[in-house]
Asker: 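One structure, pasted below without further comment.
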2 protein chains.
Amino acid sequence: MDYNQAYALNRALRTIGMRHRSLAATELNRLGLAIGQESLIMELANQGPRTQAQLATAAGCEPPTITSAVQKLEALGLVSRRPSTKDRRATVVELTVKGESLLEGLSAAWIHLAESTVAGLSRTKVEDMIETLDDLAASLETAARDLDARRPT
Amino acid sequence: MDYNQAYALNRALRTIGMRHRSLAATELNRLGLAIGQESLIMELANQGPRTQAQLATAAGCEPPTITSAVQKLEALGLVSRRPSTKDRRATVVELTVKGESLLEGLSAAWIHLAESTVAGLSRTKVEDMIETLDDLAASLETAARDLDARRPT
DNA sequence: TAATTAATGTTAGACGCCTAACTAATCGCT
DNA sequence: AGCGATTAGTTAGGCGTCTAACATTAATTA
């Protein structure tokens, strides 16, 4: 690949990441949430109670990030924690009633975010966009996995 | 747009942002740089000496981010600062010789980053990917602009 | 010209995310 | 059965980014 293509690709991805994150943050602020917390709430809503390790895998981030996010969600009363009965190392996280009451607003906010994200597209259909982004997300996941498989212990 | 589409879109964008940023960070770390600094260096290489306000606009971030990034680049000896002669508020930032010596490695790293980003694509050609991402980046820029135009003083 | 408004850059403090280092518990192998 | 290796979670400290508040200088307008 030549430099101009690489530059264009990386630059587009940088601005996409920053802008989408920023729009997401303003949507979530209206609900009293910070960015990152939504992915835990949605995962708990979809899958039921999960350990923090499962949440880390689902959210694609590292354990310390989960520790801190769960602590804050617990302080907000949106989530509860209890020790796992089967594995005494593990902590099971569960949505509280108050947490579930957020789900409706969260869905609306997420639709609004997606709509403003694609509102200004000039030559791409939304279905094609989603298709393309899924392909890219998968490619980046394998690139990331390959990278730290190559990183020794 | 229905919720499932919105969820898929937002989720793909979240992972794309996180993974690409993370890959970029490991590339830059090899050069002794942190993420974000590369966009200033590249802008200075492309456009010549710039004020911090111009750098903020080009990088798509806020003035305090530039202040801190420029301070660190200056401490590394990659960049020099001098007061503008025409506007006594402004600071002009310029690449040093040591900064220019990084450009070659930076280009190589950026090509490598782009290649690993797209290496795992299964159903999208690179040219189409760039086209689609440019469209999306532009859409998100206008969404962000509209948002804080709506935010009053 | 004088007064108001706008722009440049800084500091302070917050956020999410990261890595490194650690404890405690479980797993795996001999 | 026991010991080394792995896994779950936490703490400490770093990064880039943001907003809010501020001082300084420039531009606008009365």
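Each chain gets a letter, A, B and so on, in the order the sequences are listed, and its residues count up from 1. Side-chain atoms are counted along with the backbone in the values below, which use heavy atoms only and exclude waters and symmetry mates.
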Asker: Ignoring backbone atoms, test whether Q71(A) places a side-chain nitrogen or oxygen under 4.0 Å from the OP1 or OP2 oxygen of dG9(D).
Answerer: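 Answer is no, no contact under 4.0 Å.
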Asker: Would you indicate which nucleotide in dC18(C), dG9(C), dC18(D) comes nearest to any side-chain atom of C61(B)?
Answerer: dC18(D)
Asker: Round to the nearest Å and state the distance from I35(B) atom CD1 to dC18(C) atom P.
Answerer: 12 Å
Asker: Please tell me which of the listed nucleotides, dT17(D), dT19(C), dT11(C), lies nearest to the side chain of P64(B)?
Answerer: dT11(C)
Asker: Give a yes/no answer on whether the side chain of R14(A) brings an N or O atom under 4.0 Å of OP1 or OP2 in dT17(D).
Answerer: yes
Asker: Rounding to a whole Å, what distance do you find between K72(B):NZ and dT10(C):C1'?
Answerer: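 So the two atoms are 15 Å apart, to the nearest Å.
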Asker: Give a yes or no on whether E104(B) atom CD has more than 12 heavy-atom contacts from other residues, nucleotides or ligands under 6.0 Å away.
Answerer: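 Count not over threshold, so no.
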Asker: Nearest 0.5 Å, please: how far is NE2 in H20(B) from OG1 in T15(B)?
Answerer: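 With rounding to 0.5 Å, OG1 (T15(B)) is 12.5 Å from NE2 (H20(B)).
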Asker: Base, sugar-phosphate, or nothing for T65(B), non-hydrogen atoms under 4.0 angstrom?
Answerer: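 Here T65(B) touches the bases of the nucleic acid.
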Asker: Could you tell me which non-hydrogen atom of A25(A) sits nearest to which non-hydrogen atom of I35(A), and how far apart they are?
Answerer: N-CD1, 4.1 Å
Asker: Atom CE of M18(A) and atom C1' of dG16(C): how far apart are they, to the nearest Å?
Answerer: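 Result: 14 Å.
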Asker: Would you kindly give the CZ-to-C1' distance between R50(B) and dG9(C), to the nearest whole Å?
Answerer: 17 Å
Asker: State the CD-CG distance between E27(B) and L31(B), to the nearest 0.5 angstrom.
Answerer: 8.0 Å
Asker: Is the backbone of K98(A) close enough, under 3.5 Å, to the side chain of S101(A) for a donor and an acceptor to pair up by distance?
Answerer: yes
Asker: Could you give the distance from CG (L103(A)) to CG (L95(A)), rounded to the nearest 0.5 Å?
Answerer: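 Interatomic distance, L103(A) CG to L95(A) CG, rounded to 0.5 Å: 5.5 Å.
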Asker: Just how far, in rounded Å, is P of dC18(D) from CD of E27(A)?
Answerer: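 Between P of dC18(D) and CD of E27(A): 18 Å.
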Asker: OP1 or OP2 of dG9(D) versus the side-chain N and O atoms of T67(A): is any pair under 4.0 Å?
Answerer: no
Asker: Near DNA chain D, under 4.0 Å by heavy atom, which residues of residues 73-89 of chain A?
Answerer: R81(A), R89(A)
Asker: Do side-chain atoms of N46(B) reach the backbone of M42(B) as a donor and acceptor pair under 3.5 angstrom?
Answerer: yes
Asker: L40(B) CG to dG9(C) P: how many Å, rounded?
Answerer: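 Atom-to-atom, L40(B) to dG9(C), this comes out as 13 Å.
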Asker: Does the distance from a Lys or Arg side-chain N to an Asp or Glu carboxylate O, for E131(A) and R123(B), drop under 4.0 Å?
Answerer: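 Salt bridge: yes.
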Asker: Rounded to whole angstroms, how far apart are CG on L55(A) and C1' on dT10(D)?
Answerer: 16 Å
Asker: Side chain of A53(B), heavy atoms from C-beta onward: which of dT17(D), dT8(C), dT11(D) has the nearest atom to it?
Answerer: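 Nearest listed nucleotide: dT8(C).
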Asker: Please tell me which of Q52(A) and R21(A) maps to the more 5' nucleotide of DNA chain D, matching each residue to the nucleotide holding its nearest heavy atom.
Answerer: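 Mapping each residue to its closest nucleotide by heavy atoms, the 5'-most match is Q52(A).
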Asker: Does Q54(B) reach a base, just sugar-phosphate, or nothing at all? Heavy atoms under 4.0 Å.
Answerer: nothing
Asker: Could you pick out which residue, A34(A) or A90(B), lies toward the 5' side of DNA chain C when each is mapped onto its nearest nucleotide?
Answerer: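 Here A90(B) is the residue nearer the 5' end.
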Asker: Once you round it to whole Å, what is the distance between P of dC18(D) and CG of L28(A)?
Answerer: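 Those two atoms, CG and P, are 17 Å apart.
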